[in-house]
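See structure below.
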There are 2 protein chains.
Amino acid sequence: MLGTPSRDRRAERREATRDEILEAAWEQVRTEGLGALSLRDLARRVGMQAPSLYSYFDSKHAIYDAMFAQGAQEFLELERALPVTGNELRDLQSGTRLFVTFCTADPARYQLLFQRTIPGFEPSPESYAISVEALQIVRDRLNEAGLTDPRDLDLLTAIGAGLSAQQVSNDPGGDRWTRLVDEAIEMFFEHVSERNRKGTRK
Amino acid sequence: MLGTPSRDRRAERREATRDEILEAAWEQVRTEGLGALSLRDLARRVGMQAPSLYSYFDSKHAIYDAMFAQGAQEFLELERALPVTGNELRDLQSGTRLFVTFCTADPARYQLLFQRTIPGFEPSPESYAISVEALQIVRDRLNEAGLTDPRDLDLLTAIGAGLSAQQVSNDPGGDRWTRLVDEAIEMFFEHVSERNRKGTRK
DNA sequence: GTCTATATTTGGATAGAC
DNA sequence: GTCTATCCAAATATAGAC
């Protein structure tokens, strides 16, 4: 009898083409805007006719979903690779810098992952789980710094989200808000430290 | 000779119809999403055929622009009406609460005014000027509190934007982030106060 | 797996009668 | 100012040949 091949060359090629399509989709949304993804243009970019895309994705939303998963995966891996020094303030700063840099480096990706802007689209549970896992890393890091109140995490993410949002919307390509990361996190850190020292919370 | 009427009833009616169209447009974007505004549907909502809208607006973008102006005007008037107590911290808190409440009360409006999400649309200079004027009020208020560094304004707006963004994206209709406004502003206020007391800035 | 052809819907916008 | 009729372009998606 014939054995099962250890590599499925067909599946590999299929996966490669999927990636190629997704890469072209990223190019398109970066230049035209996230909401301006069109299957015609996308197909042309990869040298196909539009219907051929349906061999790889069930729908346009499925493409958005795969992009969401890719973006979340990128962020998750960046989070995992972030070196930790043990200096709690410095680590919070570098973590937030990572987040803000990630957001501002690709506004379309930021929009897809962190804003709800495409009518009718929401990520599949599997794709969403990746971003949840990335947030869990931040939560763990915060816990290790002694900040276990869920509200601290919410405040921290709000700071990161706000700096990113302002940077992307009002000074794209600049550093008017990104340069405030270290100060903002110092502000946050001293605030929660002081509160924990007093042992009270309003 | 006939005198010029003191009221132009035709112009008044026209303005009323314009407002009616805009109100229907707001309804549509609130339910379908900001990017899902369609002239056909919009016309049907006001009992017209689509081409008739062109008697009132030159294009779809012109409708978005008028909506932008309306939203900015609403916010400007809310800012102007905000009572000021003289207690700097309390005033900053109520101002930020105003902003976050405004944003979360109508996510589509928030998206139109404060995010860049519609491909190809940007507000006209006249419409944009209204939002600039609103920001100027915040700047003045900050200056009166002794915070004259432009970076302080940027940090403050980032906090407001971040709380709003997180609230809208991750807990729509809830208060998981809006309830953090007072604490966040206290954090901000103590941070800048402390810095000014020391008289240094990194 | 990719194509052509096409269905179907929808979009914004214009022309011209009334 | 509003309508009908229409244009033109684009959209997603499907059917079926090769």
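Every chain is numbered from 1 and lettered A, B, ... according to where its sequence line falls, protein lines coming before strand lines.
Leu42(B) places its CG atom 15 Å from the C1' atom of dA13(C), with the value rounded to the nearest Å.
Contacts between residues 9-16 of chain A and DNA chain C, counted as heavy-atom distances below 4.0 Å, involve Arg14(A).
Taking a cutoff of 4.0 Å between a charged side-chain nitrogen and a carboxylate oxygen, Arg109(B) and Glu74(B) qualify as a salt bridge. Salt-bridge formation is detected for the pair Glu27(B)/Arg45(B): a Lys NZ or Arg NE/NH1/NH2 atom is positioned less than 4.0 Å from an Asp or Glu carboxylate oxygen.
Ring geometry for Phe114(A) versus Phe102(A): interplanar angle over 60°, hence perpendicular rather than tilted (30 to 60°). Aromatic ring orientation, Phe99(A) versus Phe75(A): perpendicular (interplanar angle above 60°, classes split at 30° and 60°).
Side chain to side chain, Gln73(B) and Glu77(B) meet the donor-acceptor criterion of an N or O pair below 3.5 Å. For the 3.5 Å distance criterion, the side chains of His61(B) and Glu122(B) fail to qualify, holding no donor opposite an acceptor. For Ser55(A) and Ser52(A), the side-chain atoms include no donor-acceptor pair closer than 3.5 Å. If you check the side chains of Gln167(B) and Thr104(B), you find no donor sitting under 3.5 Å from an acceptor. In this model, no donor atom of one side chain and acceptor atom of the other lie less than 3.5 Å apart for Ser169(B) and Gln115(A).
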Which pairs, protein N/O on one side and nucleotides 7-11 of chain C N/O on the other, fall under 3.5 Å?
from	atom 1	to	atom 2	distance (Å)
dG11(C)	OP1	Ser38(B)	OG	3.0
dG11(C)	N7	Arg40(B)	NH1	3.0

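Of the inter-residue distances, the one linking Asp154(B) atom CG with Asp152(B) atom CG reads 9.0 Å to the nearest 0.5 angstrom.
From the 5' end on, the contacts that DNA chain D makes with chain A at under 4.0 Å to a non-hydrogen atom open and close at dA11(D) to dT14(D).
Thr17(B) comes within 4.0 angstrom of nothing in the nucleic acid, heavy atoms only.
Nearest-nucleotide mapping onto DNA chain C: of Asp58(B) and Tyr56(A), the residue sitting toward the 5' end is Tyr56(A).
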